[in-house]
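For reference, the structure discussed in these notes is given below.
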Amino acid sequence: MSGTGLPMRVPAPGLPGRVRIHEVGARDGLQNEKSVVPTEVKAEFVRRLAEAGLSTIEATSFVHPKWVPQLADAEQLFPMVSDLAETGDVALPVLVPNERGLDRALALGARRIAVFGSATETFAARNLNRTVDESLAMFEPVVARAKAAGVHVRGYLSMCFGDPWEGAVPVAQVVKVAKALRDLGCDELSLGDTIGVATPGHVRALLSGLNEAGVPTGTVGVHFHDTYGQALSNTLAALQHGVTTVDASAGGLGGCPYAKSATGNLATEDLVWMLDGLGVDTGVDLGALTATSVWMAEQLGRPSPSRTVRALSHEE
């Protein structure tokens, strides 16, 4: 920081002492870019994020290049950054859609993977070309093989709060699919507010529903989009419930193609500013992180959407 003493640290009761930020900018952020970012730039981005203190950085996705051409260089990128994980300082999870993706990730030494499911049938059909049950059946051998290899597995669950085709998603429906992912063997779940419609009461209700179904809060992370300006308030509600893992994207990279005017992922800088002010430790150097996002915005040829990046870098 600039030495101004801001934000002033004023701890609030009932919050965790430390939060782990699951940084998704290099994967979820860049896969939504219209242009393909050079592999060397992606690798530099991951390294700068690590230097800023982020300990979990989602590196890439081993999905078929036909579906996500922006991440077609996964085989080239992962070896360029894997030394960060080998030292034990940084976790580098990668997304795998199926067993073929798992094979590719394991061949490169990945030790943390993620699968990507849906709480609603329509999104499962449009995004995975399967029903919810069929997608769970597809994940079953992926998770089983990963666990047998000693690999940590995260289960992403999209459309946990609202779906652009189905509307509001009942809490019980989300809990059912989340528990199924957990029962498959996922070590961690990430609850995705894919179109950004969640509000704090809804967040608390879903987390309580998961607890009642036997899913511990300690195994749950939250992934909020800021479409309606609710991402930070929803995050605070989750922290008050005991959640200690929050997904965020450096510079606010990444949009949502399913919501008009979506501002995309919660910006990591905005999250760190709030947590710093609350006295919650993240291990992240906000100044270094902001500089990284300014640099990445320059590579992309447009300003960062993060309010904190703009304020700290004096962008107009």
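FYI, side chains are in, hydrogens and waters are out, and symmetry mates aren't considered; it's all heavy atoms of this structure. Quick caveat: nothing in here was measured; it's all calculated off a predicted structure.
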Atom pair [atom1]/[atom2] of [X] and [Y] - distance to nearest 0.5 Å:
X      : Y      : atom1 : atom2 : value
Leu189 : His223 : CG    : NE2   : 14.5 Å
Leu30  : Thr60  : CG    : OG1   : 9.0 Å
Leu271 : Asn265 : CG    : CG    : 11.5 Å

[X] with [Y]: basic N within carboxylate O range, under 4.0 Å:
X      : Y      : result
Arg310 : Asp270 : no
Arg48  : Glu44  : yes
Asp163 : Arg126 : no

Side chain to side chain contact (heavy atoms under 4.5 Å, CB included) partner of Val169, the single match among Leu206, Val177, Thr120, Val197 |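 It is Thr120, the one option of Leu206, Val177, Thr120, Val197 that forms the side chain to side chain contact (heavy atoms under 4.5 Å, CB included) with Val169.
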Is there a donor-acceptor contact under 3.5 Å linking the side chains of [X] and [Y]?
X      : Y      : value
Asn211 : His241 : yes
Thr290 : Glu269 : no
Ser61  : Gln31  : no
His202 : Asn234 : no

Donor-acceptor pair, [X] side chain versus [Y] backbone, under 3.5 Å?
X      : Y      : answer
Asp285 : Ala288 : yes
Asp226 : Ala231 : yes
Thr268 : Ala250 : yes
Ser233 : Gln230 : yes

Would you please classify the geometry between the Phe116 ring and the Tyr156 ring as parallel, tilted or perpendicular, with 30° and 60° separating the classes?
-> tilted
Would you please classify the geometry between the Phe45 ring and the Trp295 ring as parallel, tilted or perpendicular, with 30° and 60° separating the classes?
-> tilted
Enclosure of Lys179 NZ (heavy-atom neighbours >12, cutoff 6.0 Å) |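 Open: at most 12 neighbouring heavy atoms sit under 6.0 Å from NZ of Lys179.
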Count the heavy atoms belonging to other residues, nucleotides or ligands that lie under 6.0 Å from CZ of Arg18, then report whether that count exceeds 12.
-> yes
Student check: side-chain heavy atoms of Arg47 and Asp83 closer than 4.5 Å =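 Yes; the side chains approach each other to less than 4.5 Å.
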Minimum side-chain heavy-atom gap Leu95-Val63 below 4.5 Å |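 SC-SC contact between Leu95 and Val63 ruled out.
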Is there a chain of hydrophobic side chains (I, L, V, M, F, W, Y, each step under 4.5 Å between heavy atoms) that links Leu71 to Phe62?
-> no
